[in-house]
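Residue numbers start from 1 in every chain, and the chains themselves are labelled A, B, ... in the order their sequence lines are given, proteins ahead of strands. Note: hydrogens, waters and symmetry copies are ignored here, and every other heavy atom, side chains too, is used.
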2 protein chains.
Amino acid sequence: MDSIDQRILEILQTDCLKTAKEMASELSLTTTPIYERIKKLEKAGYIKEYVALLDADLLGKSIVVFLNLTVKDHHASKRKEFIKQMESLDSITEFYHISGSYDFLAKARFSSIKEYRDFLVNDVASISNISDIESQIVLEELKYTTKIII
Amino acid sequence: MDSIDQRILEILQTDCLKTAKEMASELSLTTTPIYERIKKLEKAGYIKEYVALLDADLLGKSIVVFLNLTVKDHHASKRKEFIKQMESLDSITEFYHISGSYDFLAKARFSSIKEYRDFLVNDVASISNISDIESQIVLEELKYTTKIII
DNA sequence: TATGAAAGGGACATCTT
DNA sequence: AAGATGTCCCTTTCATA
């Protein structure tokens, strides 16, 4: 993992369809070392996946909600069951165990307030171990990047 | 935007390096319609970017923190200034205007607790319009996907 | 670990139904 | 809107320094 590897990762995080040829020219190398370094980085696990990021608004999935949750029963088995149930919900895109006033933080995405309400009433309400929920509805997304600064 | 387009977007969100040939075989089509549909989806803005997702732990960027913020002065100019300052911080990967007890929610990434402390002491403290901060440190990432279910 | 050349396959354009 | 065909360029590999 030298500075060339870092610059390759930087580029791939911005545009993973950039050709090895273009990268080679940017980094003053030929295609072979670029190609081999990328393969090495993939095998070492640095690159997890190559994905397309979509426009949620155009797809009618504009409602984003963060849910702060506390659980009643912290015992291992109940806890695992709770995590499994939360992870299985398709609306939830991110789920974290956190420090602070709440135990868990979830990010969820919906196409309408009705869908969000149904999620609360049907999906979440059926999970028994929740003691408290505080929702933060996203009014505006001001910054979003998947890029990790190395 | 028919069901074939949806399945193409589904595939691209999982693996955007999949060849048109492979997708054609999965969707019982030939490469031409796949290729043309993808180009159409790109031009229409459904696909924003193609990116590589990296392993933060392997890169030594394991500390993730959510910051809940309230601002003192909500007037337009002060507010814009605040947003601009927050967006400019490289540690902050996501930033939202939210409803609820706090005004804003930021997701930030650090390589160490020291780096996080320096961020609070240097970067955040220099932003004058903040009245309250509550940090939620991520103890475990249980689910993370960029995928939007269509 | 890099360069350069060579083979194989996919992207992309065009034509056809 | 989808199928078929052909060209070009990139990916991938190999020999070599």
Q: By nearest atom, which of the nucleotides C/dG10, D/dA2, C/dC12 is closest to the B/K39 side chain?
A: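 Ranking C/dG10, D/dA2, C/dC12 by closest atom to the B/K39 side chain puts C/dC12 first.
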Q: Hey, are A/S112 and A/E115 close enough side-chain-wise for a donor-acceptor pair under 3.5 Å?
A: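 Side chains of A/E115 and A/S112: no pair found under 3.5 Å.
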Q: Give each protein N/O atom lying under 3.5 Å from an N/O atom of nucleotides 13-15 of chain D, with the pair distance.
A:
unit_1, atom_1, unit_2, atom_2, d
D/dT13, OP2, A/Y35, OH, 3.2
D/dT13, O4, A/T32, OG1, 3.4

Q: Tell me whether the rings of A/F95 and A/F104 are parallel (<30°), tilted (30 to 60°) or perpendicular (>60°).
A: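 The arrangement is parallel - the two ring planes meet at less than 30°.
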Q: Separation of A/E22 atom CD from C/dA11 atom P, in whole Å?
A: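 Rounded to whole Å, this separation is 15 Å.
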Q: Indicate every side-chain donor-acceptor pair of residues 63-70 of chain A with a distance under 3.5 Å to a residue at least two apart or in another chain.
A:
unit_1, atom_1, unit_2, atom_2, d
A/N68, OD1, B/Q136, NE2, 3.0
A/N68, ND2, A/Q136, OE1, 3.2
A/T70, OG1, A/S131, OG, 2.9
A/T70, OG1, A/D132, N, 3.3

Q: Could you state the NZ-C1' distance from B/K18 to C/dG10, rounded to the nearest angstrom?
A: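 Taking atom C1' of C/dG10 as the reference, NZ of B/K18 is at 16 Å.
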Q: Please report, rounded to the nearest Å, how far the P atom of D/dT12 is from the NZ atom of A/K40.
A: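 These atoms are roughly 17 Å apart.
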Q: With a 3.5 Å cut-off and sequence neighbours excluded, list the donor-acceptor pairs that the side chains of residues 48-55 of chain A form with protein atoms.
A:
unit_1, atom_1, unit_2, atom_2, d
A/Y50, OH, A/E42, OE2, 2.6
A/D55, OD1, A/D57, N, 3.0
A/D55, OD1, A/L58, N, 2.9

Q: Below 4.0 angstrom from OP1 or OP2 of C/dA2, is there any side-chain N or O of A/R37?
A: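 True: A/R37 side-chain N/O within range (under 4.0 Å) of C/dA2 OP1/OP2.
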Q: Under the 3.5 angstrom rule, does the side chain of A/K107 hit a backbone N or O of A/E94 as a donor-acceptor pair?
A: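 Checked: no pair found.
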Q: Is there a donor-acceptor contact under 3.5 Å from the side chain of B/T14 to the main chain of B/E10?
A: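 Looks like yes, one N/O pair under 3.5 Å.
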Q: Figure out the OH/C1' separation between B/Y50 and C/dA11, and round it to whole Å.
A: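 Rounding to the nearest Å, OH of B/Y50 and C1' of C/dA11 are 13 Å apart.
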Q: Which whole-number value in Å describes the distance from B/I4 CD1 to D/dA1 C1'?
A: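 About 9 Å, once rounded to whole Å.
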Q: To the nearest angstrom, how far is A/M23 atom CE from D/dC10 atom C1'?
A: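 Atom CE in A/M23 sits about 14 Å away from atom C1' in D/dC10.
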Q: Provide, to the nearest angstrom, the distance between the CG atom belonging to A/L17 and the P atom belonging to D/dT11.
A: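 Value for this atom pair: 10 Å.
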Q: Are the side chain of A/K143 and the backbone N or O of B/L89 linked by a donor-acceptor pair below 3.5 Å?
A: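 Side chain of A/K143 to backbone of B/L89, a donor-acceptor pair under 3.5 Å: yes, one is there.
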Q: Considering only C/dA11, D/dT11, D/dG3, which nucleotide approaches the side chain of B/L29 most closely?
A: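 Side chain of B/L29 sits closest to D/dG3.
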Q: Taking only side-chain N and O atoms of A/K21, does any of them lie within less than 4.0 angstrom of OP1 or OP2 on D/dC9?
A: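 For D/dC9, neither OP1 nor OP2 has a side-chain N or O of A/K21 closer than 4.0 Å.
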Q: Could you state the CE-P distance from B/M1 to D/dA1, rounded to the nearest angstrom?
A: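 B/M1 atom CE is separated from D/dA1 atom P by 13 Å.
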